[in-house]
Engineer: 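Input: one structure, supplied below.
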Amino acid sequence: MPNPQDRVGNFKKVVITSGPTIEPIDPIRFISNRSSGKSGFHLADEAKRRGIPEIFFITGPSFYIPADVAVIKIETALEMRSHLLKHADQADVIIMAAAVGDYRISEYHKEKIKKSEESLTLQLTRNPDLLLELGRKKKKNQILVGYAAETRDIFENAKNKLEAKNLDLLILNKVSPENPAFQVDRNQVYFVTKEVIRGLPKMEKAEIAAHVWDEIYKIRQAAGNEST
Ligand code: CTP
């Protein structure tokens, strides 16, 4: 029997982002996405089950908030970024399960936008790519995990993303009508690492979370073997 400490690879601090981000348009409205926050919730729960002492959970608006972990609630991508940067350096593992909005409203309207013309154009500005930033400043021995939702050329795109963002593991969702990935309990994913692409059967998100942590432990173990 491995001792529980071995199973967590002696991880002390992990950061998990979860849920959607929202970008306000005016005091009444916002743009966002369909992320429920279930995957992030299960990842945090599983980390807790494995006895990892410090779990920081940075989440956009979601009903799925794990108990007994440090919860940081944010709304926008820029707010998520500032909390991530505070915690990233000390983290042994960072998992970016959040569906971070790629764009924000260029100019927030302080007053409610009243309807007038037949059409209304909103201008959007690119948000920073948080995963890319984390990949660039990744510490030695730190494990960085990202998610991808793709609809075509999925393996090629995933391999490129893994490399461009300096990731150790990418959880790839092939989004299709049979596998919507968002707001469902069961999902089919692929694990993409530098060495292999491995498809998992369709399963509950809680089970996927356990597999993700098993994979993270394997990556840690392989890195440990390399450096000895
Ligand atoms: N992500 C991020 N910052 C953003 C957007 C996404 O850190 N501004 C992270 C998510 O947390 C997730 C991964 O990037 O881990 C998702 O990437 P995805 O949306 O699939 O693709 P992108 O890298 O944004 O590229 P593209 O839109 O070209 O597919």
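Starting from 1, each residue takes its place in the sequence as its number. In each ligand, atom 1 is the first atom listed, and ligand 1 is the first ligand listed.
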Engineer: Based purely on interatomic distance, does K165 place a nitrogen or oxygen under 3.5 Å from a nitrogen or oxygen of ligand 1?
Structural biologist: yes
Engineer: Going by atom types only, do N179 and N173 share a side-chain donor-acceptor pair under 3.5 Å?
Structural biologist: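 No donor-acceptor contact under 3.5 Å links the two side chains.
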Engineer: In terms of residue, atom name and distance, what is the protein heavy atom nearest to atom 12 (C) of ligand 1?
Structural biologist: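 Result: Y147 O, 3.2 Å.
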Engineer: Give the residue, atom name and distance (to 0.1 Å) of the protein heavy atom nearest atom 26 (P) of ligand 1.
Structural biologist: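 The closest heavy atom on the protein side is K161 NZ, 4.0 Å.
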Engineer: Nearest non-hydrogen contact with atom 11 (O) of ligand 1 belongs to which option: G135, A98, G40, S35?
Structural biologist: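 Comparing heavy atoms across G135, A98, G40, S35, the nearest one to atom 11 (O) of ligand 1 lies in A98.
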Engineer: Could you check whether any side-chain N or O of E215 sits under 3.5 Å from a backbone N or O of H211, counting only pairs where one atom can act as donor and the other as acceptor?
Structural biologist: no
Engineer: So, R136 side chain and N166 main chain: donor-acceptor pair closer than 3.5 Å or not?
Structural biologist: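 Checking the backbone N and O of N166 against the side chain of R136, no donor-acceptor pair under 3.5 Å is found.
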Engineer: Got a sec: does the CD of E204 have more than 12 other heavy atoms crowding it under 6.0 Å?
Structural biologist: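 More than 12 within 6.0 Å, yes.
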Engineer: Quick one: which ligand 1 atoms are inside 4.0 Å of a heavy atom on A148?
Structural biologist: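 Within the 4.0 Å cut-off of A148, ligand 1 contributes 20 (O).
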Engineer: Does any N or O atom in M96 lie less than 3.5 angstrom from one in ligand 1, N or O only?
Structural biologist: yes
Engineer: Strictly distance-based, threshold 3.5 Å: is any side-chain N or O of N33 a donor or acceptor partner for the main-chain N or O of A99?
Structural biologist: yes
Engineer: Would T76 and T21 count as having a side-chain donor-acceptor pair, cut-off 3.5 Å?
Structural biologist: no
Engineer: Is atom 19 (O) of ligand 1 near the protein, in the sense that some protein heavy atom lies at less than 4.0 Å from it?
Structural biologist: no
Engineer: Which residue supplies the protein heavy atom nearest to atom 3 (N) of ligand 1, what is that atom called, and how far is it?
Structural biologist: L130 N, 3.0 Å
Engineer: Considering both backbone and side-chain atoms of N127, is one of its nitrogen or oxygen atoms within less than 3.5 Å of a nitrogen or oxygen in ligand 1?
Structural biologist: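 No, there is no polar N/O contact under 3.5 Å.
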Engineer: May I ask whether atom 28 (O) of ligand 1 is less than 4.0 Å from at least one protein heavy atom?
Structural biologist: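 No, there is no protein heavy atom closer to it than 4.0 Å.
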Engineer: Hey, any chance L84 and L131 share a hydrophobic cluster, counting ILVMFWY side chains that come within less than 4.5 Å of each other, even indirectly?
Structural biologist: yes
Engineer: Polar contacts were defined as any N/O atom of the residue lying under 3.5 Å from an N/O atom of the ligand; does this apply to P128 and ligand 1?
Structural biologist: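 Right, the criterion is met.
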Engineer: What is the closest protein heavy atom to atom 14 (O) of ligand 1, and at what distance does it sit?
Structural biologist: L131 CD2, 3.5 Å
Engineer: Give yes if a backbone or side-chain nitrogen or oxygen of A149 is under 3.5 Å from a nitrogen or oxygen of ligand 1, and no if not.
Structural biologist: yes
Engineer: Within a distance under 4.0 Å of any heavy atom of D102, pick out the atoms of ligand 1 and give their elements.
Structural biologist: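 Counting atoms of ligand 1 from 1, those under 4.0 Å from D102 are 4 (C), 5 (C), 8 (N), 24 (O), 27 (O).
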Engineer: Out of all atoms in ligand 1, which are within 4.0 Å of some heavy atom of D129? Include the element for each.
Structural biologist: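 The atoms of ligand 1 under 4.0 Å from a heavy atom of D129 are 2 (C), 3 (N), 4 (C), 7 (O), 8 (N).
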Engineer: Polar contacts were defined as any N/O atom of the residue lying under 3.5 Å from an N/O atom of the ligand; does this apply to G146 and ligand 1?
Structural biologist: no
Engineer: Check whether F56 forms a cation-pi arrangement with K13 (NZ or CZ under 6.0 Å from the six-membered ring centre, at most 45° off the ring normal).
Structural biologist: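 Positive - K13 is close enough to the ring of F56 and near enough to its axis.
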Engineer: Run the contact test for A77 against ligand 1 with a 4.0 Å cut-off on heavy atoms, strictly below, and give the result.
Structural biologist: no
Engineer: Side chain or backbone, does E150 bring an N or O within less than 3.5 Å of an N or O on ligand 1?
Structural biologist: no
Engineer: Angle class for the F11/W213 ring planes (parallel below 30°, perpendicular above 60°, tilted otherwise)?
Structural biologist: tilted
Engineer: If you define the side chain from C-beta out and look only at heavy atoms, does anything of E23 sit under 4.5 Å from Y103?
Structural biologist: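 No, their side chains stay 4.5 Å or more apart.
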Engineer: For K12, I'd like to know if atom NZ has over 12 heavy atoms of other residues, nucleotides or ligands within 6.0 Å.
Structural biologist: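 Open.
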